[in-house]
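Written out below as structure tokens is the structure these notes cover.
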Amino acid sequence: MEAIRTDALTKTYGKARGILDLNLSVREEEFFGFIGPNGAGKSTTIRTLLGFLRPTSGSASLLGMDLRTGREEILALTGYLPSEVAFYPGMRVGELLELSARLRREARRPASLLPHRREKTSGRRNTSRSDPLRTDETARRLEQLCSAGALCERLRLDPGRRIDELSFGNRKKAGIVCALQHHPRLLILDEPTSGLDPLMQREFFDILDEFHQAGATIFLSSHILSEIQRHCTRAAILREGRVIACGEVGSLMKTGARRVTFRGQAPISALSGLKDLHRHDGAASFLYDGELNRLLSVLAAGDIRDLSITEPDLEEVFLHYYTDGGEDPAESGKDAPLQTISGRNEP
Amino acid sequence: MTLIKHEWKQGRAAFLIWTGSIGLLLGFCIFLFPEMKGQMEDVSALFASMGSFTAAFGMDRLNISSLTGFYAVECGSVLGLGGAFFASLTAAGLLSKEERGKTAEFLLAHPLSRTKIVTAKFLSLLSQIAAMNLALLGLAAASMLLIGEEIPVKELLLLHLAYFLMQLELAGICFGLSAFLQRSGAGIALGLAAMTYFLNLISNITESAHFLRPFTPFAYCEGADIVEKGGLNLPLVFWGLLWGAVGIAAAYAHYCRKDIAV
């Protein structure tokens, strides 16, 4: 079953663009990255998926349920962390967490939340759905992991503090506990680490990894590419409201572009397909997306004292897409590192 | 139930301040009555000769030297305006405050339908208005006993019922407006309450302005009418409840479909 599926999902605000013909497919129990710069439509996508915004056209289903008819059931199984958390004034953290828990308890609750079924062995996930003992043990572990008290302790959040007195980072932590304390099967996180210090970011991702190992699907929207690269198995890149690339994170990085760094002199202005050029201390560094033979002949014509040609990291791949002036890499005939471009990405 | 309790907690300070302030003024007015009772006949005669001003406040038909007349005119203004401001202000912020305070994302991420959210918020509004009115009714009755007067039960109940209905009407309209607002509706709420109050004063001055009466809830709260007839003006009450119901229906229709700004 797909945890998230959208079919030509479109949201516009009058003439303004939100998201356009968005086709997404996120498998259950996947750690999925959603990448895009500010204004690309990431938050609009998430808010449409959660029913805050009504789609202009197209459809979406989460955890096998249609958004239009099963919104409450979906939300009962979903945890959401917004990019900017805001809470009611005058409350203490503990009261807020209790309010959130009570609102969920009162709502109609579907039969199952997290499957609690997976154990990680030797780097491979082993599914043992028929072992009741293991199910109970993992369920207990998850119960402890998800309790508001345990989460507050791990995130060093004092439940007795007033919300109004919390820093942005601490409010974010309260948001994290609200999103996780009901053992959601699907976690939707919008820029989750903004405001968290590096130590807390690491703790947060440890918690996410534990949730993921317990069977949760995680949809992580971020423009911090290292987060996506480190934790996600698949990712989609959003540009101007459209998915321009989607696939395994490893595949996304396999672009024809190379990061070229050299010391010395070479007539590189003769090269086409050159981007992100930096010169510093007699060294030049640039992304090159043209013919390698042409690059080598240009470099050979110069005076090179040191040279390295490497694969770009995800951040550079991202820049590669976003400095393209809207040009679709597939149509331009370049190496398309994508499984699918601007279309549905079936798992 | 959780959301209703939460709304009560959020509105607790405002509820206590408004109920306390109106109650204090109301009690103060009632405690003034024994002292003013002797002078009231002269004052009544003076008020009766003030032409349209007298008619505007219904003092041409009420004897304010009696407790009932005094309560209907003096205390009625406090209770009428105070209650109208409280009901309008509370209602106008109920739905819009989630978007204004950026808490809509928190609330709507829970498995609650928007219909349930609107219902819970409306019930909290209704219960707050009812609680305030019961508290003020009790306080008024107790104050009357304390000054040694007999309680005019029927008139008191009718007057308070009229004010309660008036607050419901304004609350319903402002609740509907609140579904459309993303900013504070305080200005609109206070403006609406004040405008309808003055609309009633105008409609009292001349018969040619009587057509305004279905558009102001203060028309069926007219103490002189209630005391004189021993009942409420039901056609006007019907109009009032209709406007209130339209507001509530608009709140459901719009909030359940709108894009939530966060």
Side-chain angles (χ1 to χ4, degrees), chain A residues 11-14 18 43-44 46-56 69-92 95-110 113 163 171 174-175 178-179 182 184 187-188 190, chain B residues 1-17 90 93-121 123-125 128 178-184 186 252-262:
Chain A
K11 177 66 195 172
T12 53
Y13 306 92
S43 295
T44 300
I46 288 174
R47 287 167 186 164
T48 310
L49 288 177
L50 292 167
F52 304 164
L53 305 175
R54 291 172 66 82
T56 307
T69 53
R71 185 178 166 271
E72 286 101 83
E73 284 82 358
I74 290 168
L75 290 178
L77 300 166
T78 304
Y80 169 53
L81 178 65
S83 57
E84 285 180 39
V85 284
F87 300 119
Y88 300 101
M91 294 181 87
R92 293 183 188 278
E95 290 170 340
L96 176 88
L97 300 179
E98 182 58 24
L99 169 69
S100 176
R102 277 178 186 274
L103 287 174
R104 289 190 177 278
R105 272 200 297 272
E106 260 183 25
R108 190 152 46 105
R109 197 174 194 183
L113 289 175
I163 297 279
R171 280 208 305 276
C178 280
H182 61 289
L187 261 172
I188 296 180
D190 193 0
Chain B
M1 199 60 196
T2 301
L3 197 51
I4 298 175
K5 275 189 200 166
H6 169 67
E7 286 299 336
W8 259 96
K9 276 187 191 167
Q10 290 287 299
R12 188 172 45 198
F15 174 81
L16 290 175
I17 289 170
T90 309
L94 266 184
L95 292 168
S96 62
K97 71 179 177 187
E98 302 290 348
E99 286 168 88
R100 193 175 72 246
K102 310 274 179 202
T103 49
E105 270 189 309
F106 169 81
L107 182 62
L108 291 174
H110 290 85
L112 303 164
S113 68
R114 294 205 196 172
T115 310
K116 276 185 193 161
I117 291 173
V118 176
T119 305
K121 282 182 176 274
L123 288 177
S124 86
L125 173 68
Q128 285 185 54
S178 134
F180 291 84
L181 300 173
Q182 286 165 17
R183 294 181 193 166
S184 165
Y252 275 100
H254 187 66
Y255 198 79
C256 293
R257 295 180 60 83
K258 76 184 283 196
D259 284 342
I260 300 295
V262 278

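The sequence lines fix the lettering, A, B, ..., with proteins before strands; numbering per chain opens at 1.
For B/His110, the parts lying under 4.5 angstrom from a heavy atom of chain A are both the backbone and the side chain. Only the side chain of A/Tyr80 comes within contact range of chain B, with heavy atoms under 4.5 Å apart. With a threshold of 4.5 angstrom between heavy atoms, A/Arg71 approaches chain B through side-chain atoms but not through N, CA, C or O. Proximity to chain A (any heavy atom under 4.5 Å) is shown, for B/Glu105, by both the backbone and the side chain. Of the atoms belonging to A/Glu95, not a single heavy atom falls under 4.5 Å from chain B. In this structure, no portion of A/Ser43 lies under 4.5 Å from any heavy atom of chain B. Contacts between B/Lys258 and chain A at a heavy-atom distance below 4.5 Å involve the backbone alone (N, CA, C, O).
Taking the side chain as every heavy atom from C-beta outward, B/Leu112 and A/Leu103 approach each other to under 4.5 Å. A/Glu73 has its side chain out of reach of B/Pro111: every pair of non-hydrogen atoms, C-beta onward, lies at least 4.5 Å apart.
Distance NZ/B/Lys5 to CZ/A/Arg102: 5.5 Å, rounded to 0.5 Å. Note that CG of B/Asp259 and OG1 of A/Thr48 are 8.0 Å apart. Values are rounded to the nearest 0.5 Å. One distance of note links CD of A/Glu72 with OG1 of B/Thr115; it measures 8.0 Å at 0.5 Å rounding.
Nearest heavy-atom pair across B/Leu107 and A/Tyr88 is CB-OH, 3.6 Å.
Between chain A and the residues B/Leu3, B/Thr103, B/Ile260, the most heavy-atom pairs under 4.5 angstrom are made by B/Thr103. Of the listed residues (A/Pro89, A/Ser100, A/Ala179, A/Pro82), the one with the most heavy-atom contacts under 4.5 Å to chain B is A/Ser100. Ranked by non-hydrogen atom pairs under 4.5 Å with chain A, the options B/Gln10, B/Lys9, B/Lys97 are led by B/Gln10. Chain A forms more heavy-atom pairs under 4.5 Å with one residue of B/Gly101, B/Ala104, B/Ala109 than with any other, namely B/Ala109.
Between the A/Glu106 side chain and the B/Thr2 main chain, a donor and an acceptor come within less than 3.5 Å of each other.
Within 6.0 Å of CD on A/Glu84 lie no more than 12 heavy atoms contributed by other residues, nucleotides or ligands.
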